[in-house]
Amino acid sequence: MPSPTDAQADLIAYLDFHVEAGADAVLDERPHDRFGEAAAPAPSLRAAPRPEAAPRPAGLVPPPGSPPPAAPVQPRTFGRAASAQPDEAASDARARAREARTLDELARILADFDACPLRFTAKNLVFADGNPGARVMFLGEAPGADEDRIGKPFMGRSGQLLDKMMAAIGLDRTSAYIGNIVPWRPPGNRNPTPQEVAVCRPFVERQIELVDPEVIVCLGAPATQTLTGTKDGILRTRGRLFPYKLPTREAKLLATLHPAFLLRQPVQKRLAWRDFRALRTLLDGTA
């Protein structure tokens, strides 16, 4: 196979850059029902459309052998995602999350949950990674493109930095459990909406109960605000300890900076290092 020309190589690099940035969908001049298109058969298997017949005058009988008029095509959507009200969806999520007795059951329930629209725009459910018996649980906001493709949290550049941060205090993915407050990637890597977070919250709360960690580390403001109820930004809450009630005891919740934020502002790594040193002291003190 001949090697690409310089112009072709530049174009490939340009496309790769946009995919990494989250621009993985092409916009057209007219709107498309992507849910309906995804539910329809593949174009290669679809029967060729009949040419539209001219309107027939009223009172005339169609000639023998003429095809019956085609039925109007109804738009299709997946599950209840297009019609579920946020309160109804969150209530259903709470009921379903309570049914889970193990993490595997919870993952199966999430995979079948159809009231969150993110499920139908993401490639994979990104449930968790690491050791479910670990003493510490890390929680981020939502998966990115790499996580969506692989099906595990913190797999891209942010995940590589998180691995280094954990290694600096003697942790790795065999001694920590890692997840997100939203288990599906929002389109284009946008922030999840408050409604999407509210629908997914019962599942992450049940996930925390089943893991039963001693320390929960919230990476970034969305995870911290979701689990603590604070409205403060992460630069005000980082380094602080919050109580987190579990069914039989109280865990400690530590807020810190998200690795993606540190990649954008490397000067703030010194603050994250202080938080991780505090985490190490906390784990040593609760041994």
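Here the structure is a predicted model, which means the values were calculated and not measured.
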When rounded to the nearest 0.5 angstrom, what is the spacing between [atom1] in [X] and [atom2] in [Y]?
X    : Y    : atom1 : atom2 : result
L254 : C218 : CG    : SG    : 8.5 Å
I208 : K245 : CD1   : NZ    : 14.5 Å
R101 : R206 : CZ    : CZ    : 6.0 Å
L283 : S175 : CG    : OG    : 9.0 Å
D275 : L271 : CG    : CG    : 7.0 Å
R274 : L257 : CZ    : CG    : 11.0 Å

Is [Y] close to [X] at the side-chain level, that is, under 4.5 Å between some pair of heavy atoms?
X    : Y    : answer
F261 : I234 : no
V197 : P222 : no
L110 : W184 : yes
L139 : V217 : no
L241 : L282 : yes
P186 : N191 : no
Y177 : V136 : no
V215 : M137 : no

Review point. Can you name the ring pair (Phe, Tyr, Trp, His ring centres under 6.0 Å) partners of F154, sequence neighbours left out?
Key: H258

Any side-chain to backbone donor/acceptor pair from [X] onto [Y]? Under 3.5 Å, distance only.
X    : Y    : value
Q268 : Q265 : no
R240 : A255 : no
D148 : R185 : no
Q225 : D232 : yes
T237 : G233 : yes
N131 : G133 : yes
D172 : T174 : yes
T226 : A223 : no

Find out if a path of hydrophobic residues (ILVMFWY) with successive side-chain heavy-atom gaps under 4.5 Å connects [X] to [Y].
X    : Y    : result
M165 : M155 : no
L162 : I150 : no
I181 : I216 : yes
V182 : I109 : yes
V211 : L125 : yes

Check your understanding: Stepwise, does the side chain to side chain contact (heavy atoms under 4.5 Å, CB included) test hold for I178 with M166?
Key -> CA-CA 11 Å; I178 306 172; M166 290 194 297; 4.0 Å; yes

Review point. Do E205 and Y244 have side-chain N/O donor and acceptor atoms under 3.5 Å apart?
Key: no

Check your understanding: Are side-chain N/O atoms of D104 and T102 paired as donor and acceptor at under 3.5 Å?
Key -> no

Review point. Considering residues at least two apart in sequence or located in another chain, which fulfil the side chain to side chain contact (heavy atoms under 4.5 Å, CB included) criterion with V199?
Key: A89, F113, C116

Review point. Listed by chain and number, what are the side chain to side chain contact (heavy atoms under 4.5 Å, CB included) partners of R94, not counting sequence neighbours?
Key: A90, S91, R98, P202

Minimum heavy-atom distance [X]-[Y], with the two atoms named:
X    : Y    : result
W273 : A168 : CZ3-CB, 3.6 Å
N189 : G144 : OD1-CA, 3.7 Å
E141 : P192 : OE2-CD, 3.1 Å
A142 : N180 : N-OD1, 3.5 Å
T228 : T224 : OG1-O, 2.6 Å
A115 : P117 : O-CD, 3.8 Å

Point to revise | T230/R236 under side chain to side chain contact (heavy atoms under 4.5 Å, CB included): CA gap, chis, key distance, verdict | key: CA-CA 10 Å; T230 182; R236 295 191 64 179; over 6 Å; no

**Study point:** Of R96, Q207, E99, the residue whose pairing with L106 passes side-chain contact (heavy atoms from CB on, under 4.5 Å)
**Key:** Q207

Regarding [X] and [Y], does a basic nitrogen lie under 4.0 Å from an acidic carboxylate oxygen?
X    : Y    : answer
E147 : K123 : no
D114 : R119 : no
R108 : D112 : no

